[in-house]
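Here is the naming used below: chain letters follow the sequence lines, and residue numbers restart at 1 for every chain.
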Amino acid sequence: FCGLLLTTAKYNLKLKTSTWELRRVNFRKSRSQNISAHKRFTELLEKHEKEQIDARVPIGRIITLPELKSNPFKERICQVFSTSEQKDGSLTFEDFLDLLSAFSDSATLEIKSHYAFRIFDFDDDGTLDCADLEKLVNCLTGETNDAKLSSTEMKQLISNILEESDIDKDGTVNLSEFQHVISRSPDFVSSFKIVL
Amino acid sequence: MSTAGEQDADLSLQEEHESKTHRTKRRDGDRQKKKRRNERRKGGTRAGEGEEDLQAVSEKRERSKRKRAKSKQETSRRENNEEEEAQLTGGKGTKARKDIRNEKTRRMEKEEVREVDENVDKGKKKQGSTKKGEKKEDGGKQLVKEKARDIKKKKHKKAETSSEPETSEEDDDEEEDNDKDVVRPECLSPEELEKLKEAVDERKKLIQSLRGKPWPMKKKLVTLRESQEFVEKYEGALGKGKGRKLYAYKVLMTKKWMKFQRDFENFKTACIPWEMKIKEIESHFGSSVASYFIFLRWMYGINMILFGLTFGLVMVPEALMGRPYGSMPRKTVPRAEEASAMDFAVLWDFGGYAQYSVLFYGYYNNQRTVGWLKFRMPLSYFLVGVGTVAYSYMVVIRTMARNANESGVGDDNSFNFSWKMFTSWDYLIGNAETADNKFASITTSFKEAILEEQESHKDDNIHLTRFLRVLANFLVLCCLAGSGYLIYFVVRRSQKFALDGLENHTWWERNEVNMVMSLLGMFCPMLFDVISTLENYHPRVALQWQLGRIFALFLGNLYTFIIALMDEINLKRKEEKVVKFNITMWEASLYNGTVLENSTAPPVTIHPADVPRGPCWETMVGQEFVRLIISDTMTTYITLLIGDFLRAVLVRFLNYCWCWDLEAGFPSYSEFDVSGNVLGLIFNQGMIWMGSFYAPCLPALNVIRLHVSMYLQCWAVMCCNVPQERVFKASGSNNFYMAMLLVILFLSTLPAIYTIVSIPPSFDCGPFSGKNRMFDVIHETLESDFPPWFSKVFSYASNPGLVLPFILLMVLAIYYLQSTSKSYREANVELKKKLQMQNEENKRKNKRAALKAQMDLEEARKTAQEQQRNNNASVQDQEAYFEFDDSNTSQKPWGRGTSPLLLCCLQPFSPFQPQVTQLVG
């Protein structure tokens, strides 16, 4: 118990106490979860970066996390949660916590679907158009060549998807349509999770 | 802070600028006012940073006031105009009110920005730009309207504005008053207070809903801190005098309460057992394997409660307060068994001392109350037996309902493809192998879906498939019948052995029944798997068939076992009759001997172990179930160790010196069989439900078993299993498991209830001995423990004349609810259709409106240009004003004489376009 207190105190020194409190308020994540997240995050940092509070971890090191390593959307996830100005997908600790809170159990369907939409929106234009959907299918079927769908299959698939979920028939799926589809899905919330 | 003052001046100038075209006279006075205010504010800022917020509030209020005043002016002015304008003024008034509210929210955002940037210069720039941008929009909107109006009433223009300066003067005075007021909440008018309260409430709502907003962390933090500060600052100002203190206290308490709730929530999550273990498995094997463990944990919880009920209300009272061991025949090991009663082999079979203990039905005494607490033992026993079943029903059905709620309209197929696309990836997968499997399964599911869509069915040789399927079902039926007969045969044979006496037989012959049942449960599913390859079904359908067949097999085995047990019960009851007769003879002979000698002598004391006793079929049933559970548990663990662990070890280490690749080739590592394990768990639970009435120790045993298997299986999965080839989704199967559990619960309570209701209890063992039926204990309690009127009421209530209508009513209610839910579903479909139609309609309408707006705007632009040319002369004398203006607002595109309408034409997609058309047209 003392050890826990000590570590807590140490981390409190590193980051301002009030910030911790606020974070806890925000996400109802327990302190221990936050600490474990911080531990995992500092493991990714290099030595000289550990002293800085707002150090950024480049995308290359983030995606080596075992939880993300086999995820086909790992780059997209980093891009979406990154607040970096160069759009290089690097994450600060706060971004990292953001990521975890969006993928946590306690996040609402609305948040999850919002981030899912942004992850799937490969060109960041606010709608899922044909190109986005095609990229999405390619991500889901893996890299191996024999597993890929043929172009006619792809066409058929995308037209089917648009037929189902594109309510206003403008050729793209926008956020509200996406959320409408997702909200009816039985297992989105249970599978859109990442646990450290 | 001087920046704020400047900005304000800037803003107000902007506003003035907007209205310049028809308010030329007012301008000079206003400008002086502005200057004055500016100076005052600059002086005020020196007072300190703390006032910043307040100042901002005052600024805002000022602005809104001014706006309101403006709209008032306009309304008064327009009263002189034609009646057409009436509608417009109404719209304008509401618009102005709306603007006030908008400004409030906008100001919040601005404050956030201010807080973020501690650097003053930066803040200044940003603020300036954002404000300007917003103002541009807002102002643009207003300008457009005013311009439009101007176009309409060119002729009336000159005469109108004579009364303006006075009114504006008044307004400004009011504003000044307000500036001072804000600092002291006591002097606020009720209206202001109301507004402040609204703002505070808004902030509170913001704080609450913050978690649900998809913003980055930084923004959330800033907003949160901002709003909290605001709330803290102004919350106290809302009440007055005593009420104020009370209000503050209330706020404090709510805060404390929230904090406590949060901590409690954290505590609760920390208390969930095995959470981390399950999460670890989840991240390696995906959600379907984890769903088994979650199911196991859920089952463990239920069994804990059942165990608590039986242990706390039946076993402990009997052990503590009932008569001690050895005081009565039913509580003593008979003389014949005494020698071997402590042998491990006997105890392992739950004979000997284990049989004559609180673990089994036979031990309980039929005295009505036990101990100084007057605990109603038989009643408690009966109620706990009924209660466990009732509780299980309740929990299972409630969980099913909740699952159904969560999945919503789960089985509607309208988003088949989209779901496959958007929700098929399991983000928990953190293992490359699982990920590969998932890729493959997603690809196949895509291909299958496309194929299904392309050609609904294309059967190459339907006759052959049909023949094969019939053949497969025939084979499965043969298997089921064979296994049923085997069990029946074995049970009958074991009865024969039991009659002969167990000592003459080998271990195998004694444990034949359980072993045969376990072996059948192990090998028949494999056989079914082989048979199902004949059928050539879609894998999902094949899995369902497989599950159904295993279910049928288990059920058949269980029921054969029960039927055999029934036979045995009947045998025991015949035996009991003989024993009863013998006992009366024996007693008679005993008393004959004593009565003849001396009638007053103390009755002969016979050691309870020597008293002859009946066979007590209830204990026998309990023992059978306990043995079954034990052997089932053992087989499960042993298969786990041999089938998974040993196989994994062999494959791993023999691979170095083997001729083919063992890991990739034939034996390979085993997969975790979710469906088989779930079925095993469900049947295990079914046996618990069936047997726990006759053996109160069953829930306890099951708790131990589940606890051990939790750890053992977690370890086995992590150490020697590979992820499944066919990765299933968890959610679809969840309610499927629950439905199976419900079926099993129903089927397992049937025989238990049958025995309770229709077979009279043994005469010399158990809590109900001496009664005609077990449920007579209720009657007895009603008669002796409740006042007579209660039993009367009860007898009336249980009268069929009342019960039957009640049942009828329930059936009607069910029918009604079902039909309403059906109609709701239909309405849903209908609404969906309507929504789609509406969307299409809207789109068409929008297109038309946009076209029309464009044309109208062209026209408006022409007239505006004309008008400008006409007005050029009058504009000349405004030059002085503009010069002053330009020093502040050089970026404004319409800073010098450009018509705002032109600007609006340059932005064809601006949001206020439709309004323009309305106004112009």
Side-chain angles (χ1 to χ4, degrees), chain A residues 19 22-28 30-32 66-73 81 83 94-95 97-98 102-103 108 110-111 114-116 120 133 136-137 140-142 144 147-149 153 156-157 160-161 164-165 167-170 178 181-188 190-195, chain B residues 210-214 216-218 220-221 224-225 262 265-266 269-270 279-280 282-283 286-287 406-410 412 414-419 421-432 434-436 439-440 442-443 446-447 449-450 453-454 729-732 835-836 839-840 842-843:
Chain A
T19 331
L22 284 171
R23 261 173 218 155
R24 208 152 55 100
V25 171
N26 253 342
F27 308 108
R28 308 251 168 97
S30 67
R31 196 171 208 134
S32 62
E67 286 80 9
L68 281 175
K69 210 167 56 191
S70 43
N71 195 321
F73 303 108
F81 286 97
T83 52
E94 283 188 346
D95 301 338
L97 271 189
D98 254 349
F103 279 103
T108 57
E110 202 191 336
I111 289 190
H114 177 265
Y115 280 113
F120 295 156
L133 291 177
L136 177 56
V137 173
L140 284 174
T141 52
T144 46
K148 268 201 176 126
L149 300 178
E153 280 173 329
Q156 174 91 33
L157 185 62
N160 275 331
I161 285 165
E164 279 170 9
S165 47
I167 295 169
D168 60 4
K169 305 286 173 216
D170 60 351
F178 181 76
V181 171
I182 290 286
S183 66
R184 314 278 296 276
S185 161
D187 36 26
F188 173 70
S190 64
S191 67
F192 196 76
K193 272 198 293 190
I194 288 179
V195 184
Chain B
L210 201 60
R211 273 182 77 233
K213 291 218 162 75
M217 177 84 73
K218 203 161 193 175
K220 270 185 186 172
L221 275 179
L224 181 72
R225 204 180 300 164
R262 216 165 49 229
E265 205 70 25
N266 278 346
T269 37
K279 293 235 153 127
E280 200 184 338
E282 204 170 33
S283 65
S287 51
E406 265 172 20
S407 58
V409 205
D412 106 50
S414 53
F415 296 120
N416 189 11
F417 277 96
S418 307
W419 285 347
M421 183 85 142
F422 298 134
T423 69
S424 58
W425 184 258
D426 194 341
Y427 287 74
L428 284 161
I429 292 174
N431 183 331
T434 323
D436 283 344
F439 283 137
I442 289 174
T443 315
F446 276 152
K447 283 184 176 166
I450 291 168
E453 185 74 18
Q454 273 174 355
K729 292 245 175 107
S731 69
L835 198 74
Q836 206 158 337
N839 268 326
E840 276 162 24
N842 272 353
K843 225 182 154 192

**Report entry** Pairing residues for A/Tyr115 by the ring pair (Phe, Tyr, Trp, His ring centres under 6.0 Å) criterion, not counting sequence neighbours
**Finding:**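 Expected list: A/Phe81.
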Query raised in the report: Residues two or more places apart in sequence or in another chain: which of them pass ring pair (Phe, Tyr, Trp, His ring centres under 6.0 Å) with A/Phe120?
Result: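 Once residues adjacent in sequence are excluded, the partners of A/Phe120 under the ring pair (Phe, Tyr, Trp, His ring centres under 6.0 Å) criterion are A/Phe73, A/Phe178, B/Phe422.
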Query raised in the report: What's the shortest heavy-atom distance between B/Trp425 and A/Ser70, and which atoms?
Result: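 Closest approach of B/Trp425 to A/Ser70, heavy atoms only: CZ2-O, 3.6 Å.
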Report task. Using atom types as modelled and distance alone, determine if a side-chain donor or acceptor of B/Trp419 lies under 3.5 Å from a backbone N or O of A/Val181. Result ->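 Present.
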Query raised in the report: What distance separates A/Leu140 CG from B/Phe439 CZ, expressed to the nearest 0.5 Å?
Result: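 Rounded to the nearest 0.5 Å, the CG-CZ separation comes out at 8.0 Å.
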Query - Spacing of CG belonging to A/Leu133 relative to OG belonging to B/Ser418, to within rounding of 0.5 Å - result: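 Output value for this atom pair is 9.0 Å.
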Query raised in the report: Is it the side chain or the backbone of A/Lys69 that comes within 4.5 Å of chain B heavy atoms, both, or neither?
Result: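 For A/Lys69, there is no contact with chain B at all, as no heavy atom is under 4.5 Å.
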